[in-house]
Amino acid sequence: MATLQPEMSMQQIKEAIAEATQVPTYQQRLLFQEQQLAESLESFVKALNEQDEVCLTLVKDVTVTNVAGTHLVQYPNCTCTPGPNEACWGYRGTVQEVCPRCQERLTGKQIRTTDGCRRNGDGYGFVYWTCQSCGLVQKHGWDDA
């Protein structure tokens with residue numbers, strides 16, 4: 001059993017459930033009143049405020065693979081070491097609209113960083129896009145050269 005608070009974000013809810021059930025966040029499909037929780041979050045928060053106990057259904061998706069910490073293309077032309085919750089497309093791929101780990105469509109903004117600038121003015125860096133469902137951070141490199 002997990003203790004959830006109305007002010008918790010979707011990621012915090014998943015982390016609390018992961019701690020209580022040992023099901024990783026990226027494998028969780030949470031249902032509330034037969035709808036995926038992400039789509040019914042407002043009604044779930046309302047129920048949490050009005051009731052002492054609220055029931056969620058946890059479905060473990062065993063088809064989801066953990067691609068975190070890897071390069072997602074065979075020859076990425078990239079020397080980075082992806083972090084434990086990152087997946088890198090290198091310089092030959094781009095971040096995808098569908099998360100490679102949980103297959104959910106990504107929402108939110110891509111973040112473009114500049115890691116450096118050469119003497120001729122050419123810049124380089126990475127583009128990051130975080131999955132709102134499982135938290136995986138996809139990235140790809142960019143280079144003005």
Side-chain angles (χ1 to χ4, degrees), residues 1-50 54-118 121-145:
M1 176 176 256
T3 302
L4 308 176
Q5 303 298 322
E7 64 274 2
M8 293 174 87
S9 69
M10 188 66 185
Q11 188 63 31
Q12 290 171 322
I13 291 170
K14 285 188 161 204
E15 288 169 359
I17 291 172
E19 189 175 313
T21 64
Q22 304 305 310
V23 175
T25 58
Y26 64 86
Q27 286 187 322
Q28 292 178 16
R29 295 293 171 267
L30 300 173
L31 304 177
F32 176 65
Q33 296 176 342
E34 299 182 14
Q35 291 184 356
Q36 190 160 336
L37 183 57
E39 297 165 6
S40 63
L41 193 55
E42 284 182 31
S43 59
F44 175 70
V45 169
K46 183 178 177 186
L48 273 177
N49 282 322
E50 295 173 353
V54 177
C55 182
L56 282 176
T57 303
L58 170 63
V59 178
K60 183 178 180 182
D61 187 348
V62 293
T63 63
V64 176
T65 57
N66 192 2
V67 296
T70 65
H71 281 97
L72 297 171
V73 291
Q74 187 171 6
Y75 301 107
N77 198 22
C78 178
T79 59
C80 81
T81 303
N85 200 37
E86 286 182 338
C88 181
W89 291 92
Y91 285 88
R92 300 198 175 174
T94 59
V95 293
Q96 304 296 305
E97 289 184 16
V98 174
C99 178
R101 179 161 64 188
C102 71
Q103 310 307 310
E104 294 290 326
R105 182 162 298 283
L106 273 66
T107 58
K109 295 181 181 179
Q110 294 182 13
I111 298 170
R112 180 181 165 126
T113 64
T114 301
D115 291 347
C117 183
R118 294 185 186 79
D122 288 349
Y124 57 91
F126 284 95
V127 173
Y128 297 88
W129 203 358
T130 302
C131 178
Q132 300 300 315
S133 180
C134 72
L136 179 71
V137 179
Q138 292 184 73
K139 70 178 186 175
H140 75 259
W142 65 271
D143 195 327
D144 286 338

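Since this is a predicted model, take the numbers as computed values, not measurements. These values consider heavy atoms only, across backbone and side chains, with no hydrogens, waters or symmetry-generated copies.
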Distance, nearest 0.5 Å, that separates SG of Cys134 from CG of Asn85:
7.0 Å

How about CD on Glu19, more than 12 heavy atoms from neighbouring residues, nucleotides or ligands closer than 6.0 Å, or not?
no

May I ask you to test the Cys131-Gln138 pair for a side-chain heavy-atom distance under 4.5 Å?
no

NZ (Lys139) and NE2 (His71) are apart, to the nearest 0.5 Å, by 7.0 Å

All pairs passing salt bridge (Lys or Arg N to Asp or Glu O under 4.0 Å) where residues 122-131 contributes a residue, at least two apart:
none

To the nearest 0.5 Å, what is the distance between CD (Gln96) and CZ (Arg105)?
10.5 Å

What is the distance from atom CD of Gln132 to atom SG of Cys102, rounded to the nearest 0.5 Å?
10.5 Å

Would the number of heavy atoms belonging to other residues, nucleotides or ligands and lying under 6.0 Å from CD of Glu50 be above 12?
yes

Suppose we screen for side-chain hydrogen bond (donor to acceptor under 3.5 Å, both in side chains). Which residues come up paired with Gln22, at least two apart in sequence or across chains?
none

Test item: Trp142 side-chain N/O and Thr114 main-chain N/O as donor-acceptor pair under 3.5 Å
no

Look only at the side chain of Thr113 and the backbone of Phe126, and say whether a donor-acceptor pair between them is shorter than 3.5 Å.
yes

Please name the pair of heavy atoms, one in Glu104 and one in Ser133, separated by the smallest distance, quoted to 0.1 Å.
CG-OG, 3.5 Å

To the closest 0.5 Å, what do you measure between CG (Leu58) and CG (Leu30)?
6.0 Å

Specify the closest pair of heavy atoms between Gly93 and His140, including all atoms of both residues, with the distance to one decimal.
O-CB, 3.3 Å

List the atom of Arg101, the atom of Ala68, and the distance in Å for their closest heavy-atom pair.
NH1-CB, 3.8 Å

Smallest separation among heavy atoms of Leu106 and Cys99, with atom names:
CD1-N, 3.2 Å

From the options Leu48, Ile13, Thr3, select the one residue that forms a side chain to side chain contact (heavy atoms under 4.5 Å, CB included) with Met8.
Ile13

So do the side chains of Val67 and Leu72 get within less than 4.5 Å of each other, counting heavy atoms only?
yes

Would Glu86 and Cys80 satisfy side chain to side chain contact (heavy atoms under 4.5 Å, CB included), going step by step from the backbone distance to the final call?
CA-CA 11 Å; Glu86 286 182 338; Cys80 81; 6.0 Å; no

Could you tell me which residues satisfy salt bridge (Lys or Arg N to Asp or Glu O under 4.0 Å) with Asp143, sequence neighbours excluded, listed by chain and number?
Arg118

Can you give me the closest heavy-atom contact between Trp129 and Thr107, atom names plus distance?
NE1-O, 3.4 Å

Is Asp144 reaching over with its side chain to a backbone N or O of Gly121, donor-acceptor style, under 3.5 angstrom?
no

